[in-house]
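All remarks here apply to the structure that follows.
Below, chain A is the first sequence line, B the second, and so on; all start at residue 1. Both backbone and side-chain heavy atoms feed into the values below; hydrogens, waters and symmetry mates do not.
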Amino acid sequence: MKKIEEYGTPFQREVWEALRWIPQGFVTTYGAIAQYLGRPRAVRAVGTAVGRNPYAPEVPCHRVVRADGKVGNYSGGEGVATKIALLEKEGVEIREGRVVDFAKRLYRFDDQQVTRSEGS
DNA sequence: CCAATGACTAATC
DNA sequence: CGATTAGCCATTG
């Protein structure tokens, strides 16, 4: 693993490290990361920080999508096309630029990625 | 320090 | 659902 600790601002490092908690096959939103970092309103800053991730796609910045379920943007490889390719390769289905079953694929940093099938 | 910027979000039209 | 507007925040010049 690379040493994130040596690059970027403290805030950016927090964001990049947060990306590591996102399980393969799941996605999260910029807002979720912002909340996880204790800065629920810093969604833009989070987006900028994620976009500047120098370790993509090693650090799963491609697992971050928009709050409405759309894929959003991507700066690596072929852009959004690469982002979608990576996600589908991990088992996240994408249709018309949106994540299929977004609610079920969303990782909230709260608990584990339990797919909980209609609990009681 | 101020002004501009951006892989965002929510509300309106 | 696409286009616009306004809000918010860390980073950068």
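- To the nearest angstrom, P of C:dT12 lies 12 Å from CZ of A:F11.
- Side-chain contact annotation: A:W21 with A:Y36, donor-acceptor N/O pair under 3.5 Å present.
- Other cluster members for A:V43: none, since no ILVMFWY side-chain heavy atom sits under 4.5 Å from it.
- Scanning both residues, A:N73 and A:Y30, for their nearest heavy atoms gives O-OH, 4.2 Å.
- Here the shortest heavy-atom pairing between A:F11 and A:A49 reads CE2-CB, 4.2 Å.
- The existence of a salt bridge linking A:R105 and A:E93 is excluded, since no basic side-chain nitrogen approaches an acidic carboxylate oxygen closer than 4.0 Å.
- A heavy-atom distance below 4.5 Å is found between the side chains of A:Y74 and A:C61.
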Where do N or O atoms of nucleotides 1-4 of chain C meet protein N or O atoms at under 3.5 Å, pair by pair?
unit_1	atom_1	unit_2	atom_2	d
C:dG2	OP2	A:K70	NZ	3.2

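- Nearest heavy-atom pair, A:P60 versus A:I22, reported as atom, atom and distance to 0.1 Å: O-CD1, 4.3 Å.
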Quiz item: Can you list the steps and then say if A:R98 with A:V71 is a side-chain contact (heavy atoms from CB on, under 4.5 Å)?
Solution: CA-CA 6 Å; A:R98 321 192 228 38; A:V71 180; over 6 Å; no
Quiz item: How does protein reach along nucleotides 7-13 of chain B, written 5' to 3' as B (base within reach of a heavy atom under 4.0 Å), S (only sugar-phosphate), or - (no contact)?
Solution: BBSS---
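- Looking at heavy-atom distances under 4.0 Å, A:A42 makes contact with sugar-phosphate atoms alone, never a base.
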